[in-house]
Amino acid sequence: MLALFRRSAAQGSRSWILGIVQGNGMATEATFETQPFKLHRLDQGPADTQTVTREQALQYYTDMQTIRRMETTAANLYKSKTIRGFCHLYSGQEAIAVGMEAGITKEDAVITAYRAHGWTYTRGVSILGVLAELTGRVSGCARGKGGSMHMYTNNFYGGNGIVGAQVPLGAGIAFAMKYEGKKNVCVTLYGDGAANQGQLFEAYNMSKLWDLPVIYVCENNGYGMGTSADRASASTSYYTRGDYVPGIWVDSMDVLSVKSATEFAKDYAVKNGPILLECATYRYHGHSMSDPGTSYRTREEVQEVRQKRDPIGLWKERIVTAGLASEDELKKIDVDVRKLVEEAAEKAKMDPELPLEELYKDIYINPPANMKVRGCDPTIMADGH
């Protein structure tokens, strides 16, 4: 085994790495510096280095690439009218879901807004489960009943369509965890466009009073619908806006910075109560598929981020430079991911929709056998008889 220092240009001056090289010339692990954090009401912040194994490095790349390919496919399905209704894409923000998932466990909870496809996948739903939910088919994770904005799985509470409404729900989930004595957290995500909602500040206040194990995450992609953050918020330092709730600003185009901040935040929240992360990121598409995304920002701006700050491109450059992966390996992952997503998309188009009699099912969990619900049983009249 050989210890090897290298320097990568991918992340500027903060990119020293230590690689451990195995016999085939590939590193088995490497240590990277994270990007600088900004702190609010904290004496110390997340770790400024992260060590990853070769397997972890390839997994993070695969997961981010899978989300990107899923969202590209979803955009094409929407344009062909296979997907109807609203559709909010996560392209550009992949390092948040992947990095945060790496910093928590499946026993921790996550609740987010309507830009939920990437999180649905990292929480454990298959590619087919995501795409078939988008197309309204029985193989979707909610059997086609939820669609783009309402996806769920174990310890994943959506996908919520009302702006900011998931934040007090996340505080409630954290309350339940504390009440039951669990050493877990609820990751509660919202966008910069929702950051001015009054209910957020009510949730901050209650969670601080009760020291609830909740990580509030503002995914600041720069624009709330068609309005830039600085036109909507008198203060765009979202990580400071919890007042007595401490906060951290995170460069969230770097998957390891997100992971480091999440690990710190979980440890803090379990011991001390709520903490707020502002994840600085960028979305490549419009707010939703009905928004071209070019009337309030230039195409050149989007292209510059794609070329210089893309989370997948940055991670690729770092792990190749560190010797954790080769260009050929990553190209094969790209091909394999594309094939898997294409196969899932075909099935998502061909699977059946739910039959009409399913419309009134799943209203209650485990209802009594003799229970009747008005509107669900054709023998029950409007007056209840």
Side-chain angles (χ1 to χ4, degrees), residues 40 86 88-90 92-97 99-101 103-104 108-120 122-123 148-152 155-175 185-208 212-243 245-250 252 258 261-262 265-266 269 273-283 285 287-288:
H40 169 67
F86 291 100
H88 304 81
L89 303 180
Y90 206 61
Q93 301 182 209
E94 297 89 351
I96 299 177
M100 294 200 80
E101 196 69 67
I104 59 176
D108 296 308
V110 173
I111 187 168
T112 188
Y114 36 73
R115 204 176 303 280
H117 311 158
W119 270 105
T120 306
T122 62
R123 286 273 85 189
S148 176
M149 293 195 286
H150 303 287
M151 297 184 176
Y152 307 93
N155 283 328
F156 179 58
Y157 296 85
N160 291 265
I162 300 174
V163 176
Q166 73 278 7
V167 177
L169 294 178
I173 296 166
F175 179 90
V185 296
C186 181
V187 176
T188 303
L189 301 107
Y190 56 94
D192 55 283
N196 300 318
Q197 288 275 323
Q199 57 192 325
L200 271 70
F201 298 93
E202 295 180 56
Y204 296 159
N205 183 58
M206 286 190 290
S207 59
K208 181 58 183 172
L212 302 181
V214 56
I215 305 174
Y216 294 113
V217 182
C218 177
E219 292 185 286
N220 181 6
N221 59 29
Y223 299 93
M225 293 191 72
T227 306
S228 62
D230 57 5
R231 291 188 64 198
S233 299
S235 169
T236 56
S237 296
Y238 296 106
Y239 70 103
T240 69
R241 291 175 64 177
D243 193 6
V245 175
I248 306 172
W249 180 94
V250 187
S252 297
V258 177
T262 304
K266 177 178 176 178
I275 188 169
L276 198 163
L277 303 184
E278 177 187 345
C279 289
T281 184
Y282 198 83
R283 60 169 165 82
H285 294 277
H287 172 72
S288 68

- Item | Plane angle bin for Y204 and F201 - parallel if under 30°, tilted between 30 and 60°, otherwise perpendicular | perpendicular

- Which heavy atom of A109 sits nearest a heavy atom of I173, and at what distance? CB-CG2, 3.8 Å

- Note on the structure: Interatomic distance, CE@M151 vs CE@M149, rounded to 0.5 Å, equals 10.5 Å

- Item | Close aromatic pair by centroid cut-off 6.0 Å: Y152 and Y157 | no

- Query: Ignoring hydrogens and geometry, is there a side-chain-to-backbone donor-acceptor pair from T122 to W119 under 3.5 Å?
  - Reply: yes

- Task: Rounded to the nearest 0.5 Å, what's the gap from CZ on R123 to CD on E101? Could you check?
- Result: 4.0 Å

- Query: Does the side chain of Y216 pick up a donor-acceptor pair with the side chain of S207 at under 3.5 Å?
  - Reply: yes

- Item | Pairwise side-chain contact, V187 with I104, heavy-atom cut-off 4.5 Å (strictly under) | yes

- Distance from T236 atom OG1 to D230 atom CG, nearest 0.5 Å? 6.5 Å

- Message: I'd like to check I215 versus L277 (side-chain heavy atoms, cut-off strictly below 4.5 Å). Are they in contact?
- Response: yes

- Query: For T240 and S235, which heavy atoms make the closest approach, and how far apart are they?
  - Reply: OG1-OG, 4.5 Å

- Check the angle between the aromatic planes of H40 and Y239 and answer parallel, tilted or perpendicular using the 30° and 60° thresholds. perpendicular

- Stepwise, does the ring pair (Phe, Tyr, Trp, His ring centres under 6.0 Å) test hold for H150 with F86? CA-CA 11 Å; H150 303 287; F86 291 100; over 10 Å; no

- Item | Side-chain touch H117/S148, heavy atoms, less than 4.5 angstrom | yes

- At their closest point, which heavy atom of I96 faces which heavy atom of C279, and how far apart are they? CD1-CB, 3.7 Å

- Item | Backbone of H88 reached by a side-chain donor or acceptor of R115 within 3.5 Å | no

- Item | Nearest heavy-atom neighbours spanning A95 and S252 | CB-O, 3.4 Å

- Distance-only, no hydrogens or angles: does the E278 side chain make a donor-acceptor pair with backbone N or O of Y238 under 3.5 Å? yes

- Task: Verify, without hydrogens or angle tests, whether D108 (side chain) and V185 (backbone) share a donor-acceptor contact under 3.5 angstrom.
- Result: yes

- Would you call the rings of Y282 and Y223 parallel, tilted or perpendicular if under 30° counts as parallel and over 60° as perpendicular? perpendicular

- Judged by atom type as modelled, is there a donor-acceptor pair below 3.5 Å linking the side chain of Q166 to the main-chain atoms of L189? yes

- Please answer whether the main-chain N or O of N221 pairs with a side-chain N or O of D192 as donor and acceptor at a distance below 3.5 Å. yes

- Is there a donor-acceptor contact under 3.5 Å from the side chain of Q197 to the main chain of A195? no

- Message: Keeping N220 on the side-chain end and T281 on the backbone end, is there a donor-acceptor pair under 3.5 Å?
- Response: no

- Can you find a heavy atom in the side chain of N196 that is under 4.5 Å from one in the side chain of S233? yes

- Hey, does the side chain of R283 reach the backbone of Y90 with a donor-acceptor pair shorter than 3.5 angstrom? no

- Shortest non-hydrogen pair, V250 vs A261, comes out as CG2-CB, 3.6 Å

- Task: Please check if any side-chain donor atom of N160 sits under 3.5 Å from a side-chain acceptor atom of T112, or the reverse.
- Result: no

- Query: Considering all heavy atoms of both residues, which atom of L212 and which atom of A171 are nearest to each other, and what is their separation?
  - Reply: CD1-O, 3.4 Å

- Message: Any non-hydrogen side-chain atom of Y114 less than 4.5 Å from a side-chain atom of V163?
- Response: yes

- Task: In sequence, state the C-alpha distance, the side-chain angles, and the governing distance for I275 and I248, and then conclude on side chain to side chain contact (heavy atoms under 4.5 Å, CB included).
- Result: CA-CA 8 Å; I275 188 169; I248 306 172; 4.1 Å; yes

- Report yes if some heavy atom in the side chain of Q199 is under 4.5 Å from a heavy atom in the side chain of V167; otherwise report no. no

